[in-house]
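Contents: one structure, followed by commentary.
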Amino acid sequence: MYLAILLTYLISMSSYVASFTIPSFDDDADPVVVLSQLQELAISTLQNSSQTISQGCSLTDAAIRRDWEALSREERKDYIQAVQCLISKEPISDPKWASAARTRYDDFVAVHTNVTLAVHNTGNFFAWHRYHLWAFETALRDECGYKGYQPYWNWFSHRDNLLESPIFDGSDTSMGGDGEFFMHNGSLTDGGTLWLPSGNGGGCVKSGPFKDMQVNIGPTMPDMDGFVPVGGGSDVYNPHCLRRDLTSYVTKTWATTANLLNVTIGASSNTIRDFQLDIEGDISPDNIGFHLMGHAAMAADGADLYTSPSDPVFYFHHSMIDRIWWLWQIFHPDEARKLFGTITMFNNPPSRNTTVDDPLDLKELYPHRPISDLMAKGENSPLLVGSMERLSGHLAGDGQHR
Ligand SMILES: *[C@@H]1O[C@H](CO)[C@@H](O)[C@H](O)[C@H]1NC(C)=O
Ligand SMILES: *[C@@H]1O[C@H](CO)[C@@H](O)[C@H](O)[C@H]1NC(C)=O
Ligand SMILES: *[C@@H]1O[C@H](CO)[C@@H](O)[C@H](O)[C@H]1NC(C)=O
Ligand SMILES: *[C@@H]1O[C@H](CO)[C@@H](O)[C@H](O)[C@H]1NC(C)=O
Ligand SMILES: *[C@@H]1O[C@H](CO)[C@@H](O)[C@H](O)[C@H]1NC(C)=O
Ligand SMILES: [Cu+2]
């Protein structure tokens, strides 16, 4: 079935570069393998297009975001050092709205917290997070000497046991391990409608480079039982340790091949509406969607709707979300530049539809660029290649292209 959908589209491709055998996708296959097949299909699709990539960006000079697992020990240490460098720098955000920010790292938590209700379950969800991610990545590079790009968390790898993931294994090349054991009754997520079981943590991250990280903002709306909100956002200074409760139940349940195929080339992929509703967990009651899945798997600070960028793995998660959007855009050129949703969360209060001319708000920290800047230019581009930000990434999938 998936193959048929693809062929319809692929038949319309004209020129070619390299030979590539289109795999037949199967819900029973290993999701890690399926994702790298989708990745190769996407790259082949781009290579076969005769479209010129705009703004001086091409497949050969595009920046490449990579799987953390594909980075060498040295590359991982460079990344960790750059994040710690941002944590050691002074904030530049205006205390008028970000009085709780104490570090340059906090600026990115504070801005997310401030605009939360305008960038989740809204039409700008993907684009705003793409811009925020780019801004963070650029700060690592320009202000902290980092030479690479933002790595991503491949949710499908180690989905059965997150403690074995090189992101979470607690080693000196990880982003820190699990939290200390903290007795609690799981998390009530999805607006309090869905209960998820606890992992074995919930307290302060107990190992690895972010063991002693101090979080200054939040929790504002934590889902985890026993983690008490402070009643405010980026205006409430609340120094506390970074907390996690790595919950493999969540990735085991939802990081599946069926869900991956559904959003990229299957039933949920046909329109921006269904794609976005699926990713944000609103397409079916028993699927929390990849976005909430990643947050809920970290739990505690990383699952707070407002202050989740407090956990540095937030950027790994959103790099993967961005990658899935990018894959989907390549496979669905007619939908790729469309938006779905209004300018208020769940359209509450009721508001107008988002348009591609709407500015993306990163407060005074970065220019308010229109959404269209982060998507393709050119009405009928089969590729939707556009700005650097859009292409910046994902060309080396899953470490297989190193
Ligand atoms: C690209 O073109 C090559 C050569 O014609 C072909 O083998 C390959 O399947 C094409 N890739 C896609 C994704 O259509
Ligand atoms: C966001 O910042 C503005 C000032 O720029 C402030 O008026 C508003 O209350 C803040 N909103 C939240 C949710 O923090
Ligand atoms: C844990 O929380 C859930 C959801 O609120 C509730 O249904 C369940 O009874 C609780 N379990 C215990 C042991 O308190
Ligand atoms: C796949 O997508 C369809 C259409 O969006 C949806 O109805 C179905 O529930 C999805 N399947 C899963 C496993 O989420
Ligand atoms: C808003 O978008 C929806 C589809 O996403 C469409 O049905 C509706 O007509 C649009 N509303 C306006 C006022 O354009
Ligand atoms: Cu967010």
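Whatever order the structure lists ligands and atoms in, that order sets their numbers, starting from 1.
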Original post:
Can the positive tip of Arg66 be found less than 6.0 Å from the middle of the six-membered ring of Tyr149, inside 45° of the ring normal?
Top reply: no
Original post:
Counting heavy atoms not belonging to Asn200, are there more than 12 under 6.0 Å from its CG?
Top reply: no
**OP:** List every atom of ligand 5 that sits less than 4.0 Å from any heavy atom of Phe340, numbering the atoms from 1 in the order shown and giving each element.
**Re:** 5 (O)
When you measure from [atom] to the protein, is at least one non-hydrogen atom found at a distance under 4.0 Å?
atom: atom 11 (N) of ligand 5; result: yes
atom: atom 14 (O) of ligand 3; result: yes
atom: atom 4 (C) of ligand 5; result: no

Subject >> Nearest-neighbour protein heavy atom for atom 8 (C) of ligand 3, which is reported as residue plus atom name and distance >> reply: Asn185 ND2, 3.8 Å
Subject >> Protein N, O or S atoms under 2.8 Å from the Cu ion (ligand 6) >> reply: 3
Original post:
Among Ile272, Thr354, Leu339, Asn353, which one has a heavy atom closest to atom 2 (O) of ligand 5?
Top reply: Asn353
Taking the six-membered ring for Trp, are [X] and [Y] closer than 6.0 Å centroid to centroid?
X: His112; Y: Trp128; value: yes
X: Phe125; Y: His291; value: yes
X: His317; Y: His129; value: no
X: Phe314; Y: Phe136; value: no
X: Tyr366; Y: His132; value: no

**OP:** State whether a side-chain donor-acceptor pair under 3.5 Å links Tyr315 with Glu137.
**Re:** no
Original post:
Is a side-chain N or O of Asn262 found less than 3.5 angstrom from the main chain of Leu260, in a donor-acceptor match?
Top reply: no
